[in-house]
Amino acid sequence: MAKQDAIVIIGAGIIGLDVAYVLAERGLGSQITIVAEYMPGDTATNYTSPWAGCNFSAISGTDANALKWDKLGYAHLTRLATECPAESYVERTPSVEYWQETVPHDKIKHMSDYLEDKQLKNMIDGSYHNMLQFKVLPANKLPEGVKAGITFTAVTINAPKHCEYLQKQLEQSGVKFVRQRLPNLEAGYISPSTRLVFNCTGLAAKTLPGVKDDKVFPTRGQVVLARAPTVKQISMLHGKDFETYIIPRPGSNGNVILGGYMQKGVGDGSTYSHETKSILERTSNLDTKLQSPETEVLAAFAGMRPSRTGGARIERDLITVKGQKKPLVHNYGAGGTGYQAGYGMALDAVQAAEDELKELAVDARKAKL
Ligand SMILES: Cc1cc2nc3c(=O)[nH]c(=O)nc-3n(C[C@H](O)[C@H](O)[C@H](O)COP(=O)(O)OP(=O)(O)OC[C@H]3O[C@@H](n4cnc5c(N)ncnc54)[C@H](O)[C@@H]3O)c2cc1C
């Protein structure tokens with residue numbers, strides 16, 4: 001029998017769930033146990049995934065990894081938006097993004113190579129008729145004070161519901177979920193049959209014994225949940241020291257997430273009325289549809305992005321457990337892009353353990369004989 005706890009994933013945020021998803025796609029579901037203090041459906045300051053906006057955008061970095069993970073993430077998310085939009089809470093959504101300061105020309109060029117808009121005019125499927133083709137906006141179409149702007153078809157994700165969807169899919173593939181707060185990384189080797197651990201602990205990687213990565217830090221973001229059923233488009237304004245964004249939430253009966261803030265090093269889970277006021281002012285200038293009397297403010301939240309100096313850490317490591325060296329793969333530090341980058345990061349994390357996974361597959365086949 002293949003052992004359920006042969007592979008342990010610590011963490012049930014989007015990063016741990018995406019690793020399990022990639023492994024389950026390879027038929028390894030019944031060998032995986034996810035151990036986590038917080039699970040899909042929970043809310044906690046130390047659990048970032050439910051607080052995300054959440055969309056695919058040009059907000060991510062311009063390094064080679066970010067470009068690669070964006071491309072893989074876009075393909076993965078648009079596939080879900082095609083195959084199971086209602087169940088996965090992932091939808092195609094028209095988007096406009098503006099830059100007030102530094103314009104990431106190389107990134108825009110890279111995105112334009114894979115965004116599916118090029119094919120849109122050839123598609124007759126009615127669900128595409130509202131989508132936007134990729135376009136760099138001419139200067140006369142830019143709002144005052146804006147240096148550059150693009151339109152394209154992006155993806156929106158209802159973050160908490162998407163995590164619940166992934167949990168359900170994974171359970172159907174044989175993945176077991178165990179709620180437990182582990183005292184250290186070593187405790188991830190939950191039984192003698194645990195061969196491989198993925199460390200997907202997000203912000204906790206800063207303090208968890210066995211990791212204690214001092215490059216990890218929180219980037220706080222307050223957001224406002226509002227009902228604004230006439231808003232059907234993403235709008236984003238990338239400023240010098242701020243981000244302003246409006247993101248429709250799929251499957252929510254007309255709700256939007258309004259943001260935001262990128263407060264580096266701030267780990268405060270409280271919400272502040274002056275920040276809510278600033279968000280409402282900035283977003284209703286960006287999309288005047290929000291000024292409609294129909295708009296209803298529902299709540300404010302604050303989430304901590306798990307940022308890391310130098311970018312996410314996806315790295316194979318060894319750890320001594322009861323005198324024996326055991327393989328480990330770190331996958332944390334996704335910052336503000338865990339949903340758009342998570343699938344690509346998971347592919348890299350899984351690749352880092354290819355030899356172990358091959359042995360597990362051989363063992364599973366032998367056990368069946
Ligand atoms: C306001 C805001 C807006 C955002 N918008 C977007 C967006 O539009 N697009 C996008 O792609 N991303 C967005 N993000 C970023 C995204 O939410 C994060 O990158 C992502 O959620 C990080 O996921 P994670 O799995 O690494 O961490 P988490 O979701 O925090 O999960 C960590 C997991 O590890 C577990 N864990 C930790 N320590 C232990 C332990 N000792 N024992 C057991 N379990 C443990 C936790 O319980 C949890 O299950 C946004 C974030 C915020 C805050």
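Because only heavy atoms are used, hydrogens play no part in the values below, and waters and symmetry mates are left out as well, while side chains stay in. In listed order, ligands and their atoms are each counted from 1.
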Atoms of ligand 1 close to [X] [distance to a heavy atom under 4.0 angstrom, numbered from 1]:
X: Ser49; result: 20 (C), 21 (O), 23 (O), 25 (O), 28 (P), 29 (O)
X: Arg181; result: 42 (N), 43 (C)
X: Leu208; result: 41 (N)
X: Val223; result: 1 (C)
X: Ala36; result: 43 (C), 44 (N), 49 (O)
X: Gly11; result: 33 (C), 34 (O), 35 (C), 49 (O)
X: Thr337; result: 10 (C), 11 (O), 12 (N), 15 (C), 19 (O)
X: Cys54; result: 7 (C), 8 (O), 9 (N)

Using a heavy-atom cut-off of under 4.0 Å, does the side chain or the backbone of Ala52 touch ligand 1, or both, or neither?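 Under 4.0 Å from ligand 1, Ala52 contributes backbone and side-chain atoms.
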In a table with atom names and distances, give each donor-acceptor pair under 3.5 Å that connects a side chain of residues 337-350 to protein atoms at least two apart or in another chain.
{"residue": "Thr337", "atom": "OG1", "partner": "Ala334", "partner atom": "O", "Å": "3.2"}
{"residue": "Tyr339", "atom": "OH", "partner": "Ser49", "partner atom": "O", "Å": "2.7"}
{"residue": "Gln340", "atom": "OE1", "partner": "Ser57", "partner atom": "N", "Å": "2.9"}
{"residue": "Gln340", "atom": "NE2", "partner": "Ser57", "partner atom": "O", "Å": "3.0"}
{"residue": "Gln340", "atom": "NE2", "partner": "Ser60", "partner atom": "OG", "Å": "3.2"}
{"residue": "Gln340", "atom": "NE2", "partner": "Asp70", "partner atom": "OD1", "Å": "2.8"}
{"residue": "Tyr343", "atom": "OH", "partner": "Glu25", "partner atom": "OE1", "Å": "3.0"}
{"residue": "Asp348", "atom": "OD1", "partner": "Lys68", "partner atom": "NZ", "Å": "3.3"}
{"residue": "Asp348", "atom": "OD2", "partner": "Lys68", "partner atom": "NZ", "Å": "2.8"}
{"residue": "Asp348", "atom": "OD2", "partner": "Trp69", "partner atom": "NE1", "Å": "3.0"}

With Glu91, which residues qualify under salt bridge (charged side-chain N to carboxylate O under 4.0 Å, His left out), at least two apart? none
Please check whether [X] reaches ligand 1 - meaning an N/O of the residue sits under 3.5 Å from an N/O of the ligand, judged on distance alone.
X: Asn55; result: yes
X: Leu182; result: yes
X: Gly336; result: yes
X: Gly53; result: yes
X: Thr48; result: yes
X: Ala341; result: no
X: Ile15; result: yes
X: Gln340; result: yes
X: Ile247; result: no
X: Tyr47; result: no

On the 0 to 90° scale, with breaks at 30° and 60°, tag the His110-Tyr114 ring pair as parallel, tilted or perpendicular. perpendicular
Within-shell test, Trp51 vs ligand 1, heavy atom, strictly < 4.0 Å: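 Contact present.
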Does Gln222 have a non-hydrogen atom less than 4.0 Å from ligand 1?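 It does not, in that no heavy atom of Gln222 comes within the 4.0 Å cut-off of ligand 1.
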What are the two closest non-hydrogen atoms of Tyr89 and Gly251, and how far apart are they?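 Shortest heavy-atom contact: CE2-O, 3.9 Å.
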Using heavy-atom distances, let me know which of Asp18, Ile14, Thr201, Val19 sits nearest atom 32 (C) of ligand 1.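 Shortest heavy-atom distance from atom 32 (C) of ligand 1: Thr201.
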